[in-house]
Number of protein chains: 4
Amino acid sequence: MTPKIINREEKSREIALAALTVFAEHGFESTSMSQVAEAAGIGKGTIYEYFHSKTDLIIAATAAWVQNIEEGITPLLDSDMDPLTRLRTLFAASTKAFLDDPKVILVFLGISQLVIKDPALGQRFGGAEVISAPIRKVICSILADGVAAGLFHVHVLENSESIARNLVAFVDGIGLHYVTNPHAFDLAEQINFYLEQLIATLSVAPNGDRSPGVRGKRNR
Amino acid sequence: MTPKIINREEKSREIALAALTVFAEHGFESTSMSQVAEAAGIGKGTIYEYFHSKTDLIIAATAAWVQNIEEGITPLLDSDMDPLTRLRTLFAASTKAFLDDPKVILVFLGISQLVIKDPALGQRFGGAEVISAPIRKVICSILADGVAAGLFHVHVLENSESIARNLVAFVDGIGLHYVTNPHAFDLAEQINFYLEQLIATLSVAPNGDRSPGVRGKRNR
Amino acid sequence: MTPKIINREEKSREIALAALTVFAEHGFESTSMSQVAEAAGIGKGTIYEYFHSKTDLIIAATAAWVQNIEEGITPLLDSDMDPLTRLRTLFAASTKAFLDDPKVILVFLGISQLVIKDPALGQRFGGAEVISAPIRKVICSILADGVAAGLFHVHVLENSESIARNLVAFVDGIGLHYVTNPHAFDLAEQINFYLEQLIATLSVAPNGDRSPGVRGKRNR
Amino acid sequence: MTPKIINREEKSREIALAALTVFAEHGFESTSMSQVAEAAGIGKGTIYEYFHSKTDLIIAATAAWVQNIEEGITPLLDSDMDPLTRLRTLFAASTKAFLDDPKVILVFLGISQLVIKDPALGQRFGGAEVISAPIRKVICSILADGVAAGLFHVHVLENSESIARNLVAFVDGIGLHYVTNPHAFDLAEQINFYLEQLIATLSVAPNGDRSPGVRGKRNR
DNA sequence: CATGAATGAGACTTCATTCAT
DNA sequence: GATGAATGAAGTCTCATTCAT
């Protein structure tokens, strides 16, 4: 009469997070549902009470991952720090994330492979577009604040979406290269190089000269 | 009685190229050795005469892929085109490669996952470092020529390795995002935006002012 | 505080009938207890309050099915129609049942398989013997009436059990063939052919000649 | 260079026959592929080299079964025995088959369930229609010979297909009832009763009177 | 050298049954 | 009594790899 009360929402998230951990450790295809179950501390069959298939599980795991990222960077959204510092903090965080747990990108690769192989899944899930959305949003916000503060050139505004998208793509790309051969180069240095180069491009030159880069789209 | 004379080298490459094709179509883990054999027009067991394991095969396939890329871009190395045109041509080619056959990146993802999961493999193989080497070399060459031609600032020289590495990482990153959701943005436009922004940063400003971006590394 | 008063008998039958429906739709082994629970509008665990196992459930479902049949044909038992009409009506009903809901035979197949696999179950349950009992009883009754009315030869009486058994077996057999390939033949026509042939055999010939068929058992 | 030469046809049949044995023992759904493999003396995976799925396997097993039956009864086709003896021999054989190995009908039930659940399979496979074809053919042949020999009434000819179909259906039906509860009745006696009744109906009466049963179809 | 038949470990998934609430 | 969350055994099927020919 009093059925066991379970918060399905919460338990789903628990399982998804556990899955995230093991997917990040061994990759999606190489991780068995048994491993996920063990990591979640539940029985194998229980997973299927919450997720219809392994594919559904990685989608949820990815969503949980995105949410984690989002929660981590949200403070940068409404900060009273100056935009440059916020941008550098954001990058430092991304760098640290890669250095601390380089394999998380395996989750990204896993979902990417699924989406590439089954485009219908991409339609349903959104792909990297969805994953990168929160961080792109923060970047755009910072750029807008920078323009408002007179730090960045006004033309930055009209290109902020593209700038943010490229920035995120770069970080993912360099991160992927890094985990593939961590001894080849210094990740932090490389990201920092990109960042300072970008900031220089965005900034209003001290002498008032307009940095031309941000109007690149018109040069096609 | 006359033993069949076989050029192991050549046949290995044939198989590797066939493997490249199917890996690019379905992904590494989702491709069976049978499919590879069929694509290569040989028996399943024969593959094992040339490669010790499936992992060895994707390594060879990746190497063949890199060689393909290398051959495709070598003309840009010793071209008499001006550096800017060569740079734009190089980017245009990369863009075209992604647009024409987006799934090739599955090969890259496959080898990356292997390397990430088994770092020892990374040591032996080199990871993305090796894959991107030829293209980075070409970029560095173009940059050097640009500096020599007075188009790029001299400080570009000391950072050309980093510039090239970031550039390649960006293209891989944006390409990965693209194949994951081709409807989200215009790949060519996005890559072009990055390129022109970069060129602006590298170029000697008309007024002789030094573009500050290329010295980013000093700002750490 | 007042314990809910539940008529176990009645609820058992409700569940059994719900089970009958889904077993008839998908077959016994292919139907999950969840589906039964859903069809019955109760919780999965509740089934086990009334039935010890899935096997017990199909036994009960079969019994309920038999009872349904029984109730459907009982009117033919004490009818004032003449025996021939009653016989034809009975056959027409059987034919209609097969044509209307061919899959019900899945229940029969399911229970048969169980019984065959576990003969002990057969001992406990009775198998097709029990299922066909009511209809055989009606047939025997009709035959007796027919003899009494002078329509059927008196020798029919001593063989009525065998006649009824063969008749039921035939209908099951032809029905099974039918559901297996409904396009192969016309079920109604085929059953009708059997029926009229049988009636001819049973009937007292107009000229008073004895139909020899009903004495077949003596010819062994 | 000299690949192992395997007669796929023959090995397929071997496996199918082994499958037939175990399916007949435990039923289709209750038999695991491991059991089939063990019965066939091969590895589990080997089955899938010859059959695409478990469903394909039971189709092949059924076909092999039909072929066995066919081979067993073919001698009756061109026999110089008189038609009545041939008919009785055929029935005796069927009876013996059921008594010797009652569970074979499980194969029939298994395939029937599959076909009922997936009508498309029925289209592809033919259902009971195909299984019973050879035996119906023999029956029709015997009936024709009987008419030619003046034993059976000429009207038998025009109904021989229906007679054969009903006959087979009856045997299947009574066999199914029998295996479900072998203690309920005497199978041989019951089949014999049907047979002699049928023969009586078909036969030309000694006094030249036409047996009316064979014209049943006209009585609708 | 070349082949493909054979294999068995292991993957995903289903489901009858139990039991705490 | 009633429930449904939890489970693990078991099932079907895949596939990298081996090896006799």
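Computed over heavy atoms, backbone and side chain alike; hydrogens, waters and symmetry mates excluded. Here the structure is a predicted model, which is why all the values come from computation and not from measurement. So that the names make sense, note that chain A is the first sequence line, chain B the second, and so on, each numbered from 1.
- In this structure, D:Phe51 places its CZ atom 12 Å from P of E:dA6, rounding to the nearest Å.
- Legend: residues meeting side-chain contact (heavy atoms from CB on, under 4.5 Å) with C:Ala63, ordered by chain and number and at least two apart, are absent.
- Proximity of A:Arg8 to the phosphate of F:dA5: a side-chain N or O atom is located under 4.0 Å from OP1 or OP2.
- For residues 15-24 of chain C, there are no salt bridge (Lys or Arg N to Asp or Glu O under 4.0 Å) pairs, not counting sequence neighbours.
- Atoms OG1 and CZ, from B:Thr180 and A:Phe108 in turn, are 5.5 Å apart once rounded to the nearest 0.5 Å.
- Taking atom CD1 of D:Ile47 as the reference point, atom P of E:dA5 lies 16 Å away to the nearest angstrom.
- For the pair C:Lys11 NZ and F:dT3 C1', the computed distance is 11 Å after rounding to whole Å.
- Within the structure, salt bridge (Lys or Arg N to Asp or Glu O under 4.0 Å) pairs that include any residue of residues 34-50 of chain C do not occur (at least two apart or interchain).
- Annotation: side-chain hydrogen bond (donor to acceptor under 3.5 Å, both in side chains) contacts of C:Glu29 (sequence neighbours excluded): C:Lys117, D:Ser30.
- The CG atom of A:Asn7 sits 11 Å away from the P atom of F:dA5 (whole-angstrom rounding).
- The side-chain hydrogen bond (donor to acceptor under 3.5 Å, both in side chains) search around D:Gln67 returns D:Arg13, D:Glu71, not counting sequence neighbours.
- Note on residues 57-66 of chain C: no pairs pass salt bridge (Lys or Arg N to Asp or Glu O under 4.0 Å), not counting sequence neighbours.
- With sequence neighbours excluded, the residues satisfying side-chain contact (heavy atoms from CB on, under 4.5 Å) with D:Asp56 are D:Phe51, D:His52, D:Ser53, D:Arg124.
- The CG atom of A:Asp56 sits 13 Å away from the C1' atom of E:dC12 (whole-angstrom rounding).
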Report task. Treat primed atoms plus P, OP1 and OP2 as sugar-phosphate and everything else as base, then score nucleotides 12-17 of chain F 5' to 3': B for base contact with protein heavy atoms under 4.0 Å, S for sugar-phosphate contact only, - for none. Result -> SBB-SB
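- Summarising the geometry, the separation between OH on A:Tyr50 and P on F:dG4 is reported as 13 Å, rounded to the nearest angstrom.
- Counting only heavy atoms from C-beta on, C:Ile42 has its side chain closest to F:dT3 among E:dA2, E:dA5, F:dT3.
- E:dT7 atom C1' lies 13 Å from atom CD1 of D:Ile15, rounded to whole Å.
- Side-chain contact between B:Phe28 and A:Gln113: absent, with no pair of heavy atoms (C-beta onward) separated by less than 4.5 Å.
- A heavy-atom distance below 4.0 Å to DNA chain E is reached by none of the residues of residues 105-119 of chain B.
- Residues that satisfy the side-chain hydrogen bond (donor to acceptor under 3.5 Å, both in side chains) test with D:Ser32, not counting sequence neighbours, are D:Gln35.
- For the pair B:Glu38 CD and E:dA2 C1', the computed distance is 17 Å after rounding to whole Å.
- In this structure B:Glu25 satisfies the side-chain hydrogen bond (donor to acceptor under 3.5 Å, both in side chains) test with no other residue, sequence neighbours excluded.
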**Report entry** Per-nucleotide pairing state of DNA chain F [Watson-Crick or G-U, under 3.5 Å; [ ] pseudoknot-crossing; | other strand]
**Finding:** .||||||||||||||||||||
